[in-house]
2 protein chains.
Amino acid sequence: MNSPSNFFISENNVPFIDYFKFGISVDCVIFGYSKGRVRILLIERDADPFKNSWALPGDLVSLNSNLDDAANDVLKNLTGIDNIFMEQFYSFGEMDRHPAGRVVTVGYYSLVENKNYNPVASSWAKSIQWFDIYNLPELAFDHKKIVMRGIQTLKRRVRYRPVGFELLPVKFTLTELQDLYEALLDSKFDKPNFRKKILSMDLLIPLNETQGNVSHRPAKLYKFDEKRYELLKDDGFVFDI
Amino acid sequence: MNSPSNFFISENNVPFIDYFKFGISVDCVIFGYSKGRVRILLIERDADPFKNSWALPGDLVSLNSNLDDAANDVLKNLTGIDNIFMEQFYSFGEMDRHPAGRVVTVGYYSLVENKNYNPVASSWAKSIQWFDIYNLPELAFDHKKIVMRGIQTLKRRVRYRPVGFELLPVKFTLTELQDLYEALLDSKFDKPNFRKKILSMDLLIPLNETQGNVSHRPAKLYKFDEKRYELLKDDGFVFDI
DNA sequence: AAAACTTTAAGTAAAAAATACTATAAGTTA
DNA sequence: TAACTTATAGTATTTTTTACTTAAAGTTTT
């Protein structure tokens, strides 16, 4: 089934096969977080087109790979990052968006904790770097547009799904959580109220540990209760910051 | 630029041109509303593959059309419906989803008021019909999956964007609006409280008209204030039912 | 080892919003 | 004119949000 059948002729008398000339690509907007700043991961291309330009990790999809797999493969090949939560957010199909032909690209986004992932440029990525989302370089193709829509999607989704936890270490303090949300949503919350709200959701498991190596009273550590979230979700529960 | 250049060879030694064998299609989930029920529009196919099956209005995209235009054209060709608000929601790219070759489809959804649109089957649509979303027939391709995700998207978006108004006539009563939201969200609201909430948003313009032809006290008519919505939106206002 | 300092963490009071309910007004039909 | 239906206004109660205060726990400085 991988080669289009010649059987069908469309109504405009264009042979069916003439429709099968698209390229499909995936592009990944990878959000990272550290020291109160949200960043995205860009690669410096070492291949035409747009050689030497900064771009999103992305590539053409082969005929025998589905979209989700392709997105994961691309990320692994170009950055070494493997096996992370990744979600589709929008597809871009302007006619002139790729100089080599007609390519529709599917945008994916993901969130990773900076410390845990040490991306290494590989394949045709010459170098790789985290950029502050408010201070991006010129980007290849229409990647600026893709990034912008990715940021918009993240800001919206982070409010009603607990995706933010992907950006923190497994064990975290409530202040770290608050700092993260303040960075993501670019706003400030009252500290006592924030912790009251988040704890009342009953989605955090308090640990019998405190943070170490701080020059003040160490805060209690918590971890996210994924099992409970899965249960609550089924009952129509909405996570809401 | 419409034919892929032979210049580039991918790293796996697959000629660049071998990636350009995808078909792209668009499929439209058109929501309609009347008599307290939410429906979607399906066509009965009069062309292979899946001839005689019910399916979403959709078609392959040609090389010289962008996605949004293609979605609008498809809808116009198959149903006669033209010039309506339409929004992309997800892309589907499983390898075996189309028997004629590798086709990635981009899902669009729209909301229309039943009365205003009298869809007529044309092109290769044999017939056309509204189906209750809770009582759908067997569908061609993976259209069941597309519909399900479309419904899920609608239910989510309708809560924080005033898309619901697309489903009502320009002039409507508050009870009609409430009935619509109750049908969309499959729930019940307290009448006085619903009207208080919606009116306090200051997004409705009260008209000096009342509904006619009813055997009881006629309700006041309102219309949606789009200009004001655009203004509020810029200030970070979130519509929230 | 006490004082100063910083941050966590618990608590409380006021304001706002959501919810539940009651009453009245405006029209239609018998 | 009375009975009826639905729109619309109003009120009281509960819950949630927001703003602010205070105490506790640890570190650093003197």
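In what follows, chains carry the letters A, B, and so on, assigned in the order in which the sequence lines appear, proteins first and then strands, with residues in each chain numbered from 1.
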Inset, instruction - Can you sort out the partners of B/Asp190 under salt bridge (Lys or Arg N to Asp or Glu O under 4.0 Å), two or more places apart, ordered by chain and number? - result: none
Inset, instruction - Using a 4.5 Å cut-off on heavy atoms from C-beta on, say whether the side chain of A/Leu139 contacts that of A/Val147. - result: yes
Legend entry - Min side-chain heavy-atom separation A/Arg157-A/Tyr109 under 4.5 Å: yes
Legend entry - Distance-only polar pair, side chains of A/Thr105 and A/Asp27, donor-acceptor under 3.5 Å: yes
Legend entry - Side chain proximity check, A/Trp54 to A/Ser127, heavy atoms < 4.5 angstrom: yes
Protein-nucleotides 10-12 of chain C N/O pairs under 3.5 Å:
| from | atom 1 | to | atom 2 | distance (Å) |
| --- | --- | --- | --- | --- |
| C/dT12 | O4 | A/Lys196 | NZ | 2.8 |

Legend entry - For DNA chain C, the residues among residues 171-181 of chain A that have a non-hydrogen atom under 4.0 Å from it: A/Thr175
Legend entry - Integer-rounded Å distance: D/dA9 C1' and B/Phe194 CZ: 17 Å
Inset, instruction - Could you list all the side-chain hydrogen bond (donor to acceptor under 3.5 Å, both in side chains) pairs where at least one residue sits in residues 209-223 of chain B, not counting sequence neighbours? - result: B/Lys171-B/Glu209
Inset, instruction - Hey, could you give me the CZ/CG distance between B/Arg149 and B/Leu154, rounded to the nearest 0.5 Å? - result: 14.0 Å
Legend entry - Separation of C/dA9 C1' from A/Leu221 CG (nearest whole Å): 15 Å
Inset, instruction - Could you tell me the separation between the CD atom of B/Gln211 and the C1' atom of D/dT5, rounded to a whole number of Å? - result: 12 Å
Inset, instruction - Heavy atoms under 4.0 Å is the rule here; annotate nucleotides 24-30 of chain C 5' to 3' with B where the base is hit, S where only the sugar-phosphate is, and - elsewhere. - result: -BBSSS-
Legend entry - pair A/Phe131-A/Arg39: side-chain heavy atoms closer than 4.5 Å: no
Legend entry - Minimum side-chain heavy-atom gap B/Leu41-B/Ile128 below 4.5 Å: yes
Atom pairs, protein N/O to nucleotides 16-18 of chain C N/O, distance under 3.5 Å:
none

Legend entry - Residue pair B/Leu56 / B/Ile146, side-chain heavy-atom distance below 4.5 Å: yes
Inset, instruction - Any chance you could measure B/Leu78, atom CG, to B/Asp46, atom CG, to the nearest 0.5 Å? - result: 11.0 Å
Inset, instruction - Take atom CG of B/Asp240 and atom P of D/dT17, then tell me their distance rounded to the nearest Å. - result: 12 Å
